[in-house]
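Notes follow once the structure below has been shown.
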Amino acid sequence: MKHNAIRYGMIAAGLACAMMAAPALAAKDVVVAVGSNFTTLDPYDANDTLSQAVAKSFYQGLFGLDKDMKIKNVLAESYTVSDDGLTYTIKLHSGVKFQDGSDFNAAAVKVNLDRASNPDNHLKRYNLYRNIASTEVVDPGTVKIVLTSPFSAFINILAHPATAMISPAALEKYGKEIGFHPVGTGPYELVTWNQTDFVKVKKFDGYWQPGLPKLDSITWRPVVDNNTRAAMLQTGEANMAFPIPFEQAAVLEKNPKLELVASPSIMQRYISMNVTQKPFDNPKVREALNYAINRQALVKVAFAGFATPATGVLPPAIAYSQSYQPWPYDPAKARELLKEAGYPDGFTTTLWSSHNHSTAQKVLQFTQQQLAQIGVKVQVTAMDAGQRAAQVEGKGQKESGVRMFYTGWTASTGEADWALSPLFATRNWPPTLFNTAFYSNPQVDSDLADALKTTSGEEKARLYKDAQDIIWKESPWIPLVVEKLVSAHSKNLSGFYVMPDTGFSFEDADLN
């Protein structure tokens with residue numbers, strides 16, 4: 001009995017110690033409130049930056065981009081390019097394991113790039129990889145990628161968040177369902193994806209970078225309502241939220257437990273006009289609508305000052321971007337142009353938005369009111385990710401119902417080709433990519449193609465300037481603003497920030 005009493009006493013003491021020690025061992029669980037749902041966890045098949053940002057929990061690429069959108073090595077150690085610009089030889093990090101225990105090596109790179117560059121797989125990001133002729137294994141630590149033609153931005157393509165290295169064993173096991181069963185080399189592994197509510201990931205104990213990750217888990221929670229996202233920060237339900245509703249920024253800034261961050265962006269907001277459809281086939285109509293929007297007022301009304309009026313079709317932070325004299329607000333000039341175009345009484349049309357959060361709705365309402373002043377009656381629809389995929393991204397020119405479309409674009413490769421080609425090249429009309437204006441100009445096509453073939457920075461600058469000059473003059477868009485990215489996080493969360501392309505960087509994140 002005495003021995004038992006001693007044993008129980010020791011157990012009780014042990015429990016008491018464990019309970020006393022519990023706070024020191026508190027799990028580092030972070031909740032991130034984001035603005036919309038995730039479409040898939042397969043980065044090669046995701047059209048939205050958010051899904052790709054979340055996929056960075058479990059996936060990595062050969063290269064990546066830092067917070068200034070500069071190239072950095074990730075799973076690659078180094079690379080060389082042949083003199084003709086066609087062959088890229090990449091040395092890989094050794095000793096890296098996928099989360100299923102299989103080896104990351106050159107054979108795994110080949111499996112991923114073969115899958116990405118095969119049009120028969122119908123992956124949404126296929127166009128990033130269409131220029132790959134072959135991927136060859138030189139040895140386990142070396143891979144050789146041969147292109148069909150020189151493509152001077154190719155390393156930027158490999159740094160795009162879509163270019164993830166997925167476990168070949170998982171690809172074989174799950175096939176087309178890989179988007180629900182991600183297996184990568186990243187710092188976290190998937191615990192649960194509840195498609196309407198959250199994605200939860202936990203620390204991957206076999207992660208190849210020593211000392212990382214520092215968090216135990218991240219829960220990504222889509223919260224469409226802007227005010228609810230802000231409230232979750234105030235109550236401590238979320239440790240980070242993005243985007244922050246601009247009108248809530250001042251309130252959150254006063255909270256001593258929170259830090260508000262307004263960071264630079266490459267997010268260009270615009271309205272495309274379907275130039276293959278009346279009345280937008282008439283350049284005077286497109287000019288009229290550009291004169292009809294007061295961008296300075298829009299910055300105040302919808303963005304609470306956290307944006308600047310667009311001065312071109314590329315954000316100023318993108319290399320080779322051109323700035324122009326911004327469109328002045330001149331409703332009288334707009335009415336005059338409509339009259340010249342044969343629409344003295346205006347016309348009726350539709351304006352769709354790629355998102356349905358409150359900022360997008362404010363932009364729609366503002367645009368609707370502005371255009372009403374020049375006799376243009378607009379029916380507005382704010383879409384969720386599913387509607388957008390079905391109605392906009394999935395339909396070609398003949399069946400497309402797109403007329404005016406409000407959206408935004410960030411070139412997640414950090415360079416001009418991916419900022420221009422997907423939106424203005426003829427070959428990139430939906431459903432191929434995102435030229436929702438169905439714009440086509442042979443000179444622009446030729447400039448964009450030639451810019452990728454040249455290794456001369458001067459010639460590249462000339463070609464990109466020529467393309468932008470033509471696009472600005474022909475106005476297939478109403479360029480609106482370049483956003484600032486407003487996020488907020490609890491002060492005890494460090495190393496978690498929003499990238500200029502609206503994705504996230506969190507590999508060094510910690511909770512103190």
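Quick note: numbers below take in every heavy atom, side chains included, and nothing from hydrogens, waters or symmetry partners.
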> Are E189 and F58 close enough, and set up right, to give a side chain to side chain contact (heavy atoms under 4.5 Å, CB included), and what steps lead you there?
Replying inline: CA-CA 5 Å; E189 53 188 322; F58 17 82; 5.6 Å; no
>> I'd like to know whether L128 forms a side chain to side chain contact (heavy atoms under 4.5 Å, CB included) with W418, so could you lay out the CA-CA distance, the side-chain angles of the two residues, the decisive distance to 0.1 Å, and finally the verdict.
In response: CA-CA 9 Å; L128 281 170; W418 195 242; 3.5 Å; yes
>> The test is side chain to side chain contact (heavy atoms under 4.5 Å, CB included); show your working for I218 and V32 and say whether it passes.
In response: CA-CA 7 Å; I218 303 172; V32 183; 4.0 Å; yes
> What do the steps show when you test R125 against L123 for side chain to side chain contact (heavy atoms under 4.5 Å, CB included), and what is the final call?
Replying inline: CA-CA 5 Å; R125 290 296 189 180; L123 295 168; 5.6 Å; no
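Aromatic ring centroids of F180 and W193 lie under 6.0 Å apart.
Residues D103 and A108 come closest through the heavy atom pair O-CB, 4.5 Å.
One N or O on the side chain of N73 and one on the backbone of E77 form a donor-acceptor pair closer than 3.5 Å. Of the possible donor and acceptor atoms, one in the side chain of N428 sits under 3.5 Å from a partner among the backbone N and O of S421.
With salt bridges taken as basic N to acidic carboxylate O contacts below 4.0 Å, none links D466 and R462. The existence of a salt bridge linking D48 and K124 is excluded, since no basic side-chain nitrogen approaches an acidic carboxylate oxygen closer than 4.0 Å. K72 and E507 are joined by a salt bridge, as a carboxylate oxygen and a charged side-chain nitrogen come within less than 4.0 angstrom of each other.
Under the 30°/60° scheme for interplanar angles, the aromatic rings of F496 and F504 are found to stand perpendicular.
Taking a 6.0 Å sphere around CD of E399, one finds it holds more than 12 heavy atoms contributed by other residues, nucleotides or ligands.
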